[in-house]
Amino acid sequence: MFRLPEKLTKLKPYDPITGSYAVRLDANESYFDLPQVLKAKIADQIEQISFNRYPDPVATEVIEAFADYYDIAPDCVTAGNGSDEIITLLLGTFMAKGQTLVTVSPDFSMYGVYASLSEINVVTVQKKENLQIDMDALISACQKANAVVFSNPCNPTSLGIPRSEVIRLIESAPDCMIIVDEAYMDFWDESVLDLVTKYENLVVLRTCSKAIGLAAARMGFAVMDPYKTGLLRAAKSPYNCDAISQKICATVLREKQILQHCRDEIIVQTQRLYTAAVELAQRYPDLLETVYAPRTNFIFIKTAYAKEIFEQLQAAGIAVRCFPHGLRICAGTRREQTLLISELEQILQPK
Ligand SMILES: *Cc1c(COP(=O)(O)O)cnc(C)c1O
């Protein structure tokens with residue numbers, strides 16, 4: 001009888017919130033859509049694509065724009081269909097079946113899913129009570145492991161590990177591949193992107209889905225030394241990034257001023273959201289336990305009432321992300337945040 005493996009049949013589909021909400025603060029996207037002039041420019045360029053031809057397998061134009069924006073060498077960059085594809089690819093090709101990957105918890109949940117599909121053993125190091133990584137414990141776990149992956153700054157906690165601590169890990173575990181997922185590093189300033197040619201065991205991941213504001217276009221990057229970059233490029237499927245996405249992302253990555261302006265605005269809005277949430281937590285300490293100081297474009301609130309608050313916000317047309325011990329709320333426009341805070345206030349008020 002035809003049998004499918006359990007690693008497949010026990011999978012649960014990724015379950016983003018669907019339906020229509022007046023306010024979407026659940027997916028950590030940028031709240032800026034592209035300016036109309038830029039959309040027109042992109043439309044113009046898309047018109048010139050030969051749709052019958054395969055796209056550039058290396059995504060040269062995107063990689064050059066990306067490398068220029070972050071001031072790194074293009075031959076250290078591999079483009080993928082979102083960093084999700086890059087993660088799958090890295091785990092599936094730079095690791096062998098039965099090897100060990102270290103993850104931390106709480107962190108981005110997809111790492112474990114992709115690892116199990118590649119039949120990789122996962123060892124998870126719990127974070128400390130304050131939700132920070134226990135670096136000594138992580139270094140110790142990495143001594144016996146083949147790779148480690150974590151997000152910095154972290155989704156969902158919004159917290160970051162300083163560059164000096166990441167370097168300590170890289171140097172203390174030279175036989176372990178250190179994969180640092182910097183999906184949110186545009187909002188902080190502790191990147192290790194410049195170190196990929198210094199440390200052979202370092203891989204940095206980036207994406208266009210967050211600060212760059214192109215979640216729709218699906219473009220992510222692995223950054224590592226040119227030798228390993230050549231291997232990853234050889235291992236990926238040749239046409240993983242379509243011609244339309246390549247055009248969109250290359251065009252937008254060249255708009256440095258727009259990108260920096262949007263990033264700065266998002267940081268301001270995140271701080272505003274944080275301040276408002278801290279104020280609510282001070283008024284209702286029994287309901288909202290802790291609001292963490294964010295290094296990202298979202299905040300994380302520790303609360304025993306996550307599910308209740310989440311459901312009431314949902315009923316009011318506001319989508320946030322619910323976790324077992326807290327809520328993750330993404331920065332939105334000033335108007336969206338005002339709506340969110342006043343709704344939260346209603347929910348928390350004694351009835
Ligand atoms: C959003 C996110 C990604 C995602 O990205 P895509 O490039 O959209 O696939 C990767 N890692 C973390 C930690 C994220 O939060």
Side-chain angles (χ1 to χ4, degrees), residues 13-17 24-31 59 62-63 66 69-70 77-92 101-115 117 124 127 131 133 147-161 166 178-188 190-193 203-223 232 236-237 240-242 245-246 248-249 252-253 263 266 270 292 294-300 319-321 323 326-331:
Y14 186 70
D15 187 24
I17 295 175
R24 296 271 327 229
L25 304 173
D26 59 305
N28 294 350
E29 299 141 326
S30 167
Y31 60 81
V62 181
I63 283 180
F66 173 83
Y69 187 61
Y70 290 103
V77 185
T78 308
N81 199 280
S83 44
D84 270 286
E85 188 204 20
I86 296 278
I87 298 164
T88 323
L89 202 62
L90 265 177
L91 300 183
L101 172 75
V102 178
T103 61
V104 293
S105 178
D107 200 354
F108 189 49
S109 60
M110 296 311 289
Y111 305 141
V113 176
Y114 297 140
L117 286 175
T124 302
K127 290 190 181 175
L131 292 188
I133 288 180
V148 57
V149 63
F150 58 91
S151 54
N152 189 38
C154 170
N155 172 13
T157 68
S158 81
L159 301 174
I161 320 162
V166 178
I178 316 286
I179 307 171
V180 187
D181 183 348
E182 294 190 349
Y184 300 93
M185 193 53 93
D186 297 277
F187 304 112
W188 202 29
E190 296 284 330
S191 177
V192 290
L193 207 46
V203 181
V204 181
L205 308 181
R206 289 283 183 137
T207 177
C208 285
S209 300
K210 307 291 159 56
I212 308 298
L214 295 174
R218 312 304 306 126
M219 190 69 67
F221 305 93
V223 186
L232 188 63
K236 75 180 184 66
S237 68
N240 58 331
C241 300
D242 70 79
S245 287
Q246 290 190 33
I248 295 170
C249 296
V252 173
L253 282 166
R263 178 201 60 198
I266 293 169
T270 310
Y292 297 86
R295 306 296 196 182
T296 53
N297 64 333
F298 57 87
I299 63 166
F300 189 74
V320 301
R321 185 73 193 268
F323 288 86
L327 295 167
R328 191 192 70 194
I329 307 173
C330 180

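Whatever order the structure lists them in is the order used to number ligands and atoms, beginning at 1.
- Expressed to the nearest 0.5 Å, how far OG1 of Thr157 lies from OH of Tyr292 amounts to 8.5 Å.
- The distance from atom CG of Leu205 to atom OG1 of Thr78, rounded to the nearest 0.5 Å, is 10.5 Å.
- Between the side chains of Ser191 and Arg206, at least one donor N or O lies within less than 3.5 Å of an accepting N or O.
- Ring orientation note: the planes of Tyr70 and Phe66 are tilted relative to one another, at an angle of 30° to 60°.
- At a heavy-atom cutoff of 4.0 Å, ligand 1 is contacted by both the backbone and the side chain of Ser83.
- Heavy atoms of Arg218 found under 4.0 angstrom from ligand 1 belong exclusively to the side chain.
- At least one side-chain heavy atom of Val62 sits under 4.5 Å from a side-chain heavy atom of Phe221.
- Residue contact check: Ser151 has heavy atoms under 4.0 Å from atoms 13 (C) of ligand 1.
- Numbered from 1 in the order shown, with element, the atoms of ligand 1 that lie under 4.0 Å from a heavy atom of Ala183 read 11 (N), 12 (C), 14 (C).
- For ligand 1 and Gly82, the ligand atoms under 4.0 Å from any heavy atom of the residue are 6 (P), 7 (O), 9 (O).
- The nearest protein atom to atom 8 (O) of ligand 1, hydrogens excluded, is given as Ser209 OG, 2.6 Å; this is a heavy-atom distance.
- The proximity of Asn155 to ligand 1, defined as any non-hydrogen pair under 4.0 Å, is limited to the side chain.
- With values rounded to the nearest 0.5 angstrom, Ile179 atom CD1 is found 8.0 Å from Ile87 atom CD1.
- Listed by number with element, the atoms of ligand 1 under 4.0 Å from a non-hydrogen atom of Asp84 are 4 (C), 5 (O), 6 (P), 9 (O).
- In terms of protein heavy-atom proximity, atom 11 (N) of ligand 1 is closest to Asp181 OD2, 2.6 Å.
- Near Thr207, meaning under 4.0 Å from one of its heavy atoms, ligand 1 places the atoms 5 (O), 6 (P), 7 (O), 8 (O).
- Annotation: atom 2 (C) of ligand 1 to nearest protein heavy atom, Lys210 NZ, 2.4 Å.
- Nearest protein neighbour of atom 15 (O) of ligand 1, counting heavy atoms only, is Tyr184 OH, 2.6 Å.
- A donor and an acceptor atom, one from each side chain of Asp107 and Ser151, are located under 3.5 Å apart.
- Side-chain atoms of Asp84 and Tyr114 form a donor-acceptor pair, as typed in the model, at a separation below 3.5 Å.
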